[in-house]
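Some notes on the structure that comes next.
Letters A, B, ... are given to chains in the order of the sequence lines, protein chains preceding strands, and every chain is numbered from 1. Atoms considered below: every heavy atom in the structure, side chains included; atoms not considered: hydrogens, waters and symmetry mates.
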Amino acid sequence: MLTLKQIRENPEEIIRRLQVKNFDAANLIDQVLATDKKRREIQTQTDHKQAELNQRSKDIGSLFKQGKTQEANHAKEQVSLLKDEIKQLNQSLRHTEDDLNKLLLRIPNIPHPSVPPGKGDSDNVKVRSGGNIPDLGKEALPHWELAEKYRLIDFEMGNKLTGAGFPVFTGKGAKLVRALISFFLDEAEKAGYREVLPPLMVNEASAYGTGQLPDKEVQMYQLATDPYYLIPTAEVPVTNIYRDVILNAGELPVKNTAYTPCFRREAGSYGKDVRGLNRVHQFDKVEIVQIQHPERSYDTLEEMVNHVEQLVQKLGLPYRIMRLCGGDLSFTSALTYDFEVFAAAQKKWLEVSSVSNFEAFQANRLKLRFREPGSKKTQLAHTLNGSALALPRIIAALMENFQTPEGIRIPEVLVPYTRFDILS
RNA sequence: GGAGAAAUGGCAGAGUGGUCGAAUGCGGCGGUCUUGAAAACCGUUGUCCGCUUAUCGGCGGACCGGGGGUUCGAAUCCCUCUUUCUCCGCCA
């Protein structure tokens, strides 16, 4: 969430810039400012009364010590009115704080000045592209047919075991998954990321920290017996490692990477785009996460984009990098680049990565701060993350683009991991 | 799952109703000494919020695992939750 300081200092600017996200914040900001003012008034009052009570309590203590019991008892009676007042003030202070917090949670992150305006997909701006789209001819099969032909993925079996959207990888298909995970992790390690293997379930506090809650319950699977959520992305546990942490500026940037399965309900998204691996409820992903100094976070965003680009290049997939427009930008993001690869049989661009700078938006919720050497003051750090990469759509594109009459060729960089060079 | 013990500042560890944001040690930071370093010595050392302040700062409030309660007053007493440790049971 945004900080009160930001809102107090530049309410007009925030309202203006949120329009790029097609979000009308005017009313909300007014309420925030009014509630904040009220809160401060109540607190000032409460503090004064509390200070008085503290003083009187001390006085009573010393009266007792001096053996002036009667005077002490008399003083005790006088204090009871003050206590009631404080109790009431505290109650209304808490209510006001709650109100304020609820308002703040409804305001999305401010988009970076470079974010193009727009409503959806078609308004995203292509930054650059690379790779060649293969000409497969009319015989080309979509990946779900190839998967069946070479017995790489069993969608029916997943349906039996769990339900729709839970594919079962088999034989060389399973090995390909494992190979991709290892390849991506090794590449991340080479780029200086520390590998983390986090829990796949998180508690409510963590889900709030990165912004999945409130309101995104529809996206996450929730346990019926315990207050835990299955993670929709490794971003949640990996970023929450730094919840309530104060780092030294010298420790920045903090770079972590994690492989995890990801679980997404994808409620309401049934239809034409869900065939095969295009949209599933459980998938594997390697995530890269950085915590960076505010002055350097946009350089870091570029660095992360370059890292992801280099991955799709090594895999030999045709790709394009899109700068998301305001309408497509997530609630928490200030700037996001999406990576799409082309699946040549379906003739579709598939989103395989999303690299974002959240600036201080998550850090504020997480209370993730850092301190400059020699300074007493703490300030909020910037958080960034990106997929590097999400597997299913990569696999779909690999299968479709590299199909030959003999089988599906494996990109050279993966062969050391798969120890076979064709899926046949 | 059952029985018991515990949770205090970056760490270790005192504190069982009053002046305790909290002894002491270690660590950190600054200084003296030194060619430099070490040692020694001196000083300093948490976070959040409010008021005030051009700035430095000053004043006030909150925080001793979380929440609630008793009391004029709670780190200290009570309730509750969570976590950790020991023992028993179960188990990959």
Side-chain angles (χ1 to χ4, degrees), chain A residues 1-9 32-105 197-209 213 223 225-229 237 240-252 254 291 360 362-381:
Chain A
M1 60 189 164
L2 301 179
T3 61
L4 267 172
K5 194 162 177 272
Q6 274 175 295
I7 297 174
R8 264 188 230 152
E9 285 171 4
V32 166
L33 291 174
T35 312
D36 175 47
K37 185 157 174 267
K38 186 176 163 199
R39 183 197 113 238
R40 276 145 64 205
E41 284 166 5
I42 297 172
Q43 193 188 332
T44 303
Q45 233 184 110
T46 312
D47 285 356
H48 283 146
K49 300 267 185 200
Q50 186 66 52
E52 191 183 340
L53 180 64
N54 289 349
Q55 186 51 50
R56 292 223 193 178
S57 295
K58 279 184 189 174
D59 294 345
I60 290 169
S62 51
L63 284 176
F64 272 120
K65 270 196 183 150
Q66 292 165 37
K68 298 178 180 169
T69 317
Q70 241 187 354
E71 285 172 54
N73 283 329
H74 183 65
K76 270 161 75 166
E77 284 168 32
Q78 292 185 319
V79 166
S80 76
L81 189 70
L82 192 57
K83 276 184 71 179
D84 287 346
E85 280 182 277
I86 290 172
K87 204 167 191 172
Q88 285 204 338
L89 281 169
N90 267 327
Q91 226 166 49
S92 91
L93 182 62
R94 193 178 297 188
H95 281 145
T96 313
E97 277 171 349
D98 280 355
D99 291 347
L100 185 58
N101 210 260
K102 279 181 193 145
L103 290 169
L104 287 171
L105 283 171
L197 190 64
L200 305 183
M201 297 179 203
V202 293
N203 58 27
E204 234 170 68
S206 293
Y208 267 98
L213 290 179
L223 299 203
T225 48
D226 292 278
Y228 299 149
Y229 297 87
N240 272 281
I241 292 173
Y242 300 92
R243 172 150 47 86
D244 293 317
V245 167
I246 301 174
L247 297 160
N248 294 317
E251 297 175 77
L252 301 173
V254 173
I291 298 164
Q362 286 183 332
N364 189 32
R365 287 191 181 195
L366 292 161
K367 298 198 174 59
L368 162 51
R369 290 156 295 172
F370 72 97
R371 203 192 324 259
E372 300 281 8
S375 166
K376 283 191 143 189
K377 289 223 163 179
T378 62
Q379 48 180 318
L380 294 171

Verify the contact: side-chain N or O of A/R371 to OP1 or OP2 of B/U47, cut-off strictly under 4.0 Å; return yes or no.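 It does, given that an N or O in the side chain of A/R371 lies less than 4.0 Å from OP1 or OP2 of B/U47.
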
Below 4.0 Å: OP1/OP2 of B/C51 and any side-chain N or O of A/R40: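 Affirmative; the distance criterion is met.
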
I'd like the [atom1] distance from [M] over to [N], given in whole Å.
{"N": "B/A74", "M": "B/G67", "atom1": "C1'", "answer": "16 Å"}
{"N": "B/A5", "M": "B/C59", "atom1": "P", "answer": "44 Å"}
{"N": "B/G57", "M": "B/G66", "atom1": "P", "answer": "29 Å"}
{"N": "B/U8", "M": "B/A23", "atom1": "P", "answer": "16 Å"}
{"N": "B/U32", "M": "B/A37", "atom1": "P", "answer": "11 Å"}
{"N": "B/A54", "M": "B/G9", "atom1": "C1'", "answer": "34 Å"}
{"N": "B/C78", "M": "B/C26", "atom1": "P", "answer": "35 Å"}
{"N": "B/A3", "M": "B/G89", "atom1": "P", "answer": "15 Å"}

Closest nucleotide of RNA chain B for A/L4 versus for A/S62: which of these residues is on the 5' side? A/S62

Considering heavy-atom distances to RNA chain B, does A/I60 or A/T378 have its closest nucleotide positioned more toward the 5' end?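 Result: A/T378.
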
What nitrogen or oxygen pairs link the protein and nucleotides 60-64 of chain B at under 3.5 Å?
{"residue": "B/G60", "atom": "N2", "partner": "A/D47", "partner atom": "OD2", "Å": "3.0"}
{"residue": "B/G61", "atom": "OP1", "partner": "A/N54", "partner atom": "ND2", "Å": "3.1"}
{"residue": "B/G61", "atom": "O2'", "partner": "A/D47", "partner atom": "OD1", "Å": "3.2"}

Whole angstrom value for the distance that separates [atom2] of [N] from [atom1] of [X]:
{"X": "A/I42", "N": "B/G50", "atom1": "CD1", "atom2": "P", "value": "13 Å"}
{"X": "A/N364", "N": "B/C48", "atom1": "CG", "atom2": "C1'", "value": "13 Å"}
{"X": "A/R365", "N": "B/C48", "atom1": "CZ", "atom2": "C1'", "value": "19 Å"}
{"X": "A/N73", "N": "B/C72", "atom1": "CG", "atom2": "C1'", "value": "10 Å"}
{"X": "A/N90", "N": "B/C49", "atom1": "CG", "atom2": "C1'", "value": "13 Å"}
{"X": "A/D244", "N": "B/G46", "atom1": "CG", "atom2": "P", "value": "19 Å"}
{"X": "A/L368", "N": "B/U47", "atom1": "CG", "atom2": "P", "value": "16 Å"}
{"X": "A/K49", "N": "B/G50", "atom1": "NZ", "atom2": "P", "value": "21 Å"}

Should the heavy atoms of other residues, nucleotides or ligands under 6.0 Å from [atom1] of [X] be counted, would the total exceed 12?
{"X": "A/Q70", "atom1": "CD", "result": "no"}
{"X": "A/R8", "atom1": "CZ", "result": "yes"}
{"X": "A/Q78", "atom1": "CD", "result": "yes"}

Could you check which of B/C72, B/U47, B/C49 has an atom nearest any side-chain atom of A/R369? B/U47

Which listed nucleotide (B/U47, B/G73, B/G50) is nearest to the side chain of A/I246? B/U47

Test A/R40 against A/D36 for salt bridge (charged side-chain N to carboxylate O under 4.0 Å, His left out), laying out the working first. CA-CA 6 Å; A/R40 276 145 64 205; A/D36 175 47; 2.9 Å; yes

With rounding to the nearest 0.5 angstrom, report the CD1 to CD distance, A/I246 to A/E251.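 That separation rounds to 11.0 Å.
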
Strand partner of [N], provided both Watson-Crick or wobble distances fall under 3.5 Å:
{"N": "B/C51", "value": "B/G58"}
{"N": "B/G65", "value": "B/C81"}
{"N": "B/C87", "value": "B/G2"}
{"N": "B/G18", "value": "B/C72"}
{"N": "B/G25", "value": "B/C11"}
{"N": "B/G30", "value": "B/C42"}

Indicate yes or no: at least one non-hydrogen side-chain atom of A/D244 is less than 4.5 angstrom from one of A/L366. no

Any heavy-atom pair between the side chains of A/L4 and A/R39 that's under 4.5 Å?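 Side chain of A/R39 against side chain of A/L4, heavy atoms only: contact under 4.5 Å found.
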
Provide a list of protein-nucleic acid N or O atom pairs under 3.5 angstrom, restricted to nucleotides 65-69 of chain B.
{"residue": "B/G68", "atom": "OP1", "partner": "A/R94", "partner atom": "NH1", "Å": "2.7"}
{"residue": "B/G68", "atom": "OP1", "partner": "A/R94", "partner atom": "NH2", "Å": "3.0"}

Under 3.5 Å side-chain donor-acceptor pair for A/S206 and A/N203: yes

Just by distance, no angles: are the side chains of A/N54 and A/Q50 close enough, under 3.5 Å, to form a donor-acceptor pair?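 A/N54 vs A/Q50: donor-acceptor pair found between side chains.
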
Is A/D59 salt-bridged to A/R56, cutoff N-O under 4.0 Å?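 Salt bridge flag = no for A/R56 with A/D59.
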
Starting from the C-alpha separation in whole Å, work towards a yes-or-no answer on side-chain contact (heavy atoms from CB on, under 4.5 Å) for A/M1 and A/N101. CA-CA 9 Å; A/M1 60 189 164; A/N101 210 260; 4.1 Å; yes

Expected output: side-chain A/R365 to main-chain A/Y208 donor-acceptor under 3.5 Å: yes

